[in-house]
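Protein chains get the first letters and strands the later ones, always in sequence-line order, with residue 1 at the start of each.
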Protein chains: 2
Amino acid sequence: MTSGLPGQVLDQLGAAIVNGEYPPGAVLRTEELERAFAVSRTVAREALRVLEAMRLVTSRRRVGITVQPLAAWNLYDPLVIRWRLACEARADQLRSLSELRSATEPVAAALAARRATPEQAGELTVLAVNLRATAKARDLDAFLVHDIAFHRLVLAASGNEMFTQLGDVVGEVLTGRTHYHLMPEEPQPAAVRLHIEVAEAIAAGAPDRAEAAMRAIVTQAMEEMELGLP
Amino acid sequence: MTSGLPGQVLDQLGAAIVNGEYPPGAVLRTEELERAFAVSRTVAREALRVLEAMRLVTSRRRVGITVQPLAAWNLYDPLVIRWRLACEARADQLRSLSELRSATEPVAAALAARRATPEQAGELTVLAVNLRATAKARDLDAFLVHDIAFHRLVLAASGNEMFTQLGDVVGEVLTGRTHYHLMPEEPQPAAVRLHIEVAEAIAAGAPDRAEAAMRAIVTQAMEEMELGLP
DNA sequence: GCTCTTGAATAAGTAGTACTTTTGGGTTTC
DNA sequence: GAAACCCAAAAGTACTACTTATTCAAGAGC
């Protein structure tokens with residue numbers, strides 16, 4: 001949907017709204033947007049229709065297009081998440097996503113212990129071993145790649161499609177932590193060991209062990225993040 | 001956005017896609033939809049543009065509008081949730097939302113113990129007491145109302161706007177459990193006592209207690225649900 | 001007989017106009 | 001000061017014209 005002119009208007013206008021350039025209560029006019037983005041009425045209306053569906057704006061005849069407060073937005077919309085991560089208040093979004101992650105990944109691990117296919121369990125073990133190898137080699141870039149893949153697969157193996165979709169933001173959160181220097185300079189062996197424990201517990205079909213180990217991972221990550229964020 | 005003709009087309013077409021009336025891979029034509037819904041091209045395009053943003057469909061020139069599989073959808077979009085809850089496979093959505101809830105509410109309770117305002121803590125205590133009263137009176141309708149309000153407030157008091165938004169689906173999940181007769185015929189005193197414990201822990205600023213009590217609540221609810229769903 | 005090229009049909013994308021409807025605010029009347 | 005009225009402002013809907021992208025069928029060449 002970001003292809004085509006309506007997608008371009010959507011992206012620019014949406015990012016501007018999320019970034020506070022159009023604060024809640026601001027009233028936009030369709031004609032103004034046509035001029036500002038140099039597009040026809042059809043294109044402007046299509047972009048606005050999508051923003052309305054995302055609850056960033058509401059539209060009324062004679063009134064105009066009114067920007068809504070953050071509380072009204074579809075906060076789980078991937079585009080909204082992307083715009084929030086790209087704006088000045090990205091630390092807020094990072095914190096919220098990290099808290100969401102700390103809530104969901106332990107439960108996903110427990111569900112994965114019950115539902116993972118043998119292939120998935122095997123791949124998790126492989127990824128955990130790769131984590132250890134890249135940690136020992138102090139290859140942080142490769143470590144991050146495997147870390148992201150590991151967590152995405154745990155979410156996917158949970159068998160809950162809503163957890164699976166959260167895998168899309170794991171990369172953002174983990175990459176964001178690196179961007180803010182919220183990761184230890186080198187991965188702690190204890191943390192790597194916990195990942196291996198999660199993989200083993202899932203392979204063994206032990207939900208409680210998987211949940212506890214994953215909770216230890218995300219709790220530690222939250223503590224590290226709280227030390228570093230304002 | 002469900003107001004107006006594009007909103008009506010969106011609602012009907014979206015629900016039909018989610019219900020499997022247009023399975024993944026099916027190709028729609030804009031002109032066909034104009035005829036089927038008796039609307040102009042502008043209206044059809046606006047509705048399609050929103051469905052595209054929700055990832056239910058993709059659009060390409062010469063090809064048409066292609067329906068996407070569930071894995072591609074924005075599963076957290078309130079409209080997608082609504083359509084899923086209204087279709088034949090609503091039990092799947094209810095299960096997924098219940099699992100999501102079981103993951104998030106304990107962590108929300110812990111955060112609320114740290115962040116709730118005195119007003120929020122006070123209101124939680126009032127709601128918990130109301131729960132007890134309506135349980136004793138065996139007034140299940142009133143009990144449900146207070147139960148929903150209680151859980152929504154815990155999510156709101158967490159201070160995480162993404163948790164707060166999940167409050168919108170708490171009503172759906174709790175009401176859905178009642179619809180499927182997945183609730184005990186009368187609220188168990190032990191469950192009511194756990195709600196009071198959550199409220200007290202939040203008021204006392206005790207995150208671990210709040211989290212443990214809420215986890216007991218949602219774990220029990222999951223167990224009850226698993227006994228009743230196919 | 002297979003492969004490559006070409007051209008046309010199919011379908012969406014974009015621009016823009018005309019008309020309708022809704023709504024809010026200012027003015028007038030009581 | 002309140003109620004009624006009217007009109008301007010702005011969105012909503014329909015429609016036409018033209019452009020662009022893409023796929024597929026047919027023909028040519030080897």
Side-chain angles (χ1 to χ4, degrees), chain A residues 1-17 21-69 72-74 79, chain B residues 1-17 21-69 72-74 79:
Chain A
M1 203 293 182
T2 52
S3 69
L5 286 178
Q8 292 174 30
V9 173
L10 174 70
D11 202 39
Q12 294 176 47
L13 185 51
I17 291 173
E21 293 167 45
Y22 300 95
V27 180
L28 314 177
R29 302 284 194 276
T30 310
E31 207 170 343
E32 290 173 4
L33 299 172
E34 289 170 39
R35 284 198 292 271
F37 292 99
V39 294
S40 75
R41 189 152 178 266
T42 305
V43 167
R45 282 186 60 79
E46 289 184 6
L48 284 170
R49 194 65 68 183
V50 173
L51 287 172
E52 195 179 3
M54 290 176 168
R55 312 290 179 82
L56 268 65
V57 300
T58 60
S59 170
R60 292 184 71 182
R61 305 187 206 200
R62 168 68 180 78
V63 175
I65 317 297
T66 309
V67 177
Q68 298 298 294
W73 301 350
N74 286 359
L79 287 175
Chain B
M1 201 294 182
T2 51
S3 70
L5 285 178
Q8 292 175 30
V9 174
L10 174 71
D11 204 38
Q12 294 175 48
L13 185 51
I17 289 172
E21 292 166 46
Y22 301 96
V27 180
L28 314 176
R29 304 281 195 278
T30 309
E31 207 171 343
E32 288 172 6
L33 299 173
E34 288 169 41
R35 284 198 292 271
F37 292 99
V39 292
S40 73
R41 189 153 177 262
T42 306
V43 168
R45 283 185 60 79
E46 288 183 6
L48 283 170
R49 192 66 67 185
V50 172
L51 287 173
E52 195 179 3
M54 290 176 167
R55 313 290 180 83
L56 267 65
V57 300
T58 60
S59 170
R60 290 184 70 184
R61 306 189 204 203
R62 170 69 175 80
V63 174
I65 318 296
T66 308
V67 178
Q68 298 298 294
W73 302 351
N74 286 359
L79 286 176

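For the pairing with B:Val57, the side chain to side chain contact (heavy atoms under 4.5 Å, CB included) check across B:Val27, B:Thr66, B:Ile17 returns one residue only, B:Ile17.
Of all heavy-atom pairs spanning B:Val67 and B:Tyr22, the tightest one is CG1-O, 3.3 Å. Across B:Arg55 and B:Trp73, no two heavy atoms sit closer than the pair O-CD1, 3.5 Å.
Atom CG in B:Leu33 sits about 14 Å away from atom P in D:dA14, given to the nearest Å. In this structure, A:Arg45 atom CZ and C:dT14 atom P are separated by 16 Å, rounded to whole Å. The interatomic distance linking B:Leu51 (CG) with C:dA12 (P) rounds to 14 Å, in whole Å. To the nearest angstrom, P of D:dA10 lies 8 Å from CD of A:Glu32. A:Glu31 places its CD atom 17 Å from the P atom of D:dA8, with the value rounded to the nearest Å. The CD atom of B:Glu46 sits 15 Å away from the C1' atom of C:dA15 (whole-angstrom rounding). Atom CZ of A:Arg49 and atom C1' of C:dT14 are 17 Å apart (whole Å). The nearest whole Å value for the distance from the CD1 atom in A:Ile65 to the C1' atom in D:dA11 is 7 Å.
Residue A:Arg60 is classed as a sugar-phosphate contact, given heavy-atom separations below 4.0 Å to backbone atoms only. At a threshold of 4.0 angstrom between heavy atoms, the contacts of B:Leu48 with the nucleic acid are absent. Across all strands, A:Thr30 comes closer than 4.0 Å only to sugar-phosphate atoms, never to a base (heavy-atom distances).
Two residues, A:Arg61 and A:Leu5, neighbour DNA chain C, and the one matched to the more 5' nucleotide by heavy-atom proximity is A:Leu5. Both A:Val63 and A:Val39 sit near DNA chain C, but only A:Val39 has its closest nucleotide nearer the 5' end.
Residue side chain B:Arg62 reaches the base of D:dT23 through a donor-acceptor N/O pair under 3.5 Å, judged by distance alone. Looking at B:Arg41, its side chain has no donor and acceptor atom pair within 3.5 Å of the base of D:dT13.
Ionic pairing of B:Glu52 and B:Arg49 is present here: one or more N-O contacts between side-chain nitrogen and carboxylate oxygen are shorter than 4.0 angstrom.
The closest side-chain heavy-atom distance from B:Asn74 to A:Asn74 is not below 4.5 Å. In this structure, A:Leu13 and A:Leu33 have side chains that are in contact, with non-hydrogen atoms separated by less than 4.5 Å.
Under 4.0 angstrom from either OP1 or OP2 of C:dG13 there lies at least one side-chain N or O belonging to B:Ser59.
B:Glu31 CD: 12 or fewer foreign heavy atoms inside a 6.0 Å radius.
Taken together, the paired segments of DNA chain D that extend over three or more consecutive Watson-Crick or G-U pairs, each closer than 3.5 Å at both contacts, are C:1-30 with D:1-30.
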